[in-house]
Amino acid sequence: MSDQVVRVLVADDQALIREGIASLLSIEPGIEVVGTAADGREAVALAVQTRPDVVLMDVRMPVLDGLRAAELLREKLPACRVLMLTTFDDEEYVVRALRAGTGGYLLKDLPPRELARAVRLVNEGVDQHDSAASRRLLAALDRALPPTPRVDLTDREQAVLRLVAGGATNREIAARLHVSEGTVKNHVSRILERLGLRDRTQAAIYARDRGLL
């Protein structure tokens, strides 16, 4: 895990929840809360101003909802990771969050330490999904994902794919396989390209369906 301080913006229309999450995260080592926002439009504007690494975003908010705000942030701040944090695990919201390019979908009932860990992992590039949201996401993707042609991956590519599917970061994969982080990034990009997959979530489904886990 990186020693870098993760800069976080919290967006939620309920003041008590918003300030509570900000307070909990601010006492976690390696996390700095750079601001809070009460709606999606304010979140986008404040993120552009403060340049956070991660934005914790509620789904339902006034003025501009969290999913549309996530789409705008992907355009304006491509390096910023958005983690949806909500009370709703509706399949439509989960799928829309994936399409918006978010780094995960979590429910608000998780323990503070797990939320802090999720923030750190999302910053490392590892998507985080609540178990209920994951079930809905996998069901939706199984229906929507076109058949993937069989591709013979090399032994090293299969090893990388297994670790990606297991939730390992590029840094952790590099340490496990004794290669550089850049080499891992190249492997992951090549695997996704060869299999015609969009992201690590689809790669995990591919690995699961083919018994690689």
Side-chain angles (χ1 to χ4, degrees), residues 6-14 17-18 21 25 34-110 115 118-146 164-165 167 169-170 188-189 192-193 196-206:
V6 184
R7 293 163 50 79
V8 180
L9 174 67
V10 180
D12 196 296
D13 63 325
Q14 298 185 47
I17 293 177
R18 181 174 68 247
I21 292 172
L25 288 178
V34 297
T36 61
D39 60 64
R41 181 179 298 172
E42 184 181 358
V44 172
L46 192 55
V48 170
Q49 177 184 341
T50 60
R51 304 277 170 162
D53 300 304
V54 177
V55 176
L56 277 177
M57 186 88 73
D58 191 14
V59 169
R60 290 186 179 178
M61 291 188 291
V63 186
L64 188 70
D65 70 42
L67 293 168
R68 179 56 183 147
E71 292 173 348
L72 290 175
L73 281 175
R74 183 173 60 174
E75 297 172 5
K76 295 177 180 291
L77 298 174
C80 177
R81 300 276 284 165
V82 177
L83 178 58
M84 307 307 295
L85 185 64
T86 181
T87 57
F88 305 99
D89 67 345
D90 307 58
E91 183 175 297
E92 177 187 355
Y93 287 147
V94 177
V95 173
R96 284 183 61 198
L98 178 66
R99 288 174 177 164
T102 64
Y105 196 103
L106 298 176
L107 301 184
K108 291 179 180 176
D109 58 355
L110 79 169
L115 177 59
V119 166
R120 296 186 183 100
L121 286 173
V122 163
N123 184 58
E124 291 281 338
V126 182
D127 289 357
Q128 298 295 295
H129 295 285
D130 176 88
S131 58
S134 292
R135 287 193 295 272
R136 295 185 183 278
L137 177 61
L138 291 174
L141 287 176
D142 279 344
R143 291 194 300 271
L145 193 61
V164 167
T169 66
N170 287 346
V188 173
S189 296
L192 295 179
E193 180 181 358
L197 302 175
R198 182 175 56 193
D199 52 34
R200 296 169 86 103
T201 300
Q202 289 190 350
I205 295 172
Y206 177 94

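Every value quoted in this text rests on a predicted model; they were computed, and no experiment measured them.
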A.B. asks: Which pair of heavy atoms, one from Thr169 and one from Val126, lies closest together, and at what distance?
C.D. replies: CG2-CG2, 3.0 Å
A.B. asks: For the side chain of Thr86 and the backbone of Leu107, is there at least one donor-acceptor N/O pair under 3.5 Å apart?
C.D. replies: no
A.B. asks: Applying salt bridge (charged side-chain N to carboxylate O under 4.0 Å, His left out), which residue pairs with at least one partner in residues 71-82 are found, sequence neighbours left out?
C.D. replies: Arg68-Glu71, Arg81-Asp127
A.B. asks: Can you give me the closest heavy-atom contact between Gly103 and Val122, atom names plus distance?
C.D. replies: O-CG2, 3.5 Å
A.B. asks: Can you name the nearest heavy-atom pair linking Ala100 to Leu67, along with the distance?
C.D. replies: CB-O, 4.1 Å
A.B. asks: Looking at every non-hydrogen atom in both residues, tell me the closest pair between Leu83 and Ala118 and how far apart they are.
C.D. replies: CD2-CB, 4.2 Å
A.B. asks: Applying side-chain contact (heavy atoms from CB on, under 4.5 Å), can you list everything that pairs with Gln14, at least two apart in sequence or on another chain?
C.D. replies: Asp12, Ile17
A.B. asks: Any heavy-atom pair between the side chains of Leu25 and Val8 that's under 4.5 Å?
C.D. replies: yes
A.B. asks: Residues two or more places apart in sequence or in another chain: which of them pass side-chain contact (heavy atoms from CB on, under 4.5 Å) with Val188?
C.D. replies: Val160, Val164, Asn170, Val184, Leu192, Arg200
A.B. asks: Could you tell me which non-hydrogen atom of Ala165 sits nearest to which non-hydrogen atom of Ala204, and how far apart they are?
C.D. replies: CB-CA, 3.8 Å
A.B. asks: Pair up each side-chain donor or acceptor in residues 51-62 with any protein partner under 3.5 Å, not counting sequence neighbours, and list the distances.
C.D. replies:
residue	atom	partner	partner atom	Å
Arg51	NE	Val48	O	3.3
Asp53	OD2	Arg7	N	2.8
Arg60	NE	Tyr93	OH	2.8
Arg60	NH2	Tyr93	OH	3.1

A.B. asks: With respect to Leu9, which candidate in Leu46, Val82, Val44 satisfies the side chain to side chain contact (heavy atoms under 4.5 Å, CB included) definition?
C.D. replies: Leu46
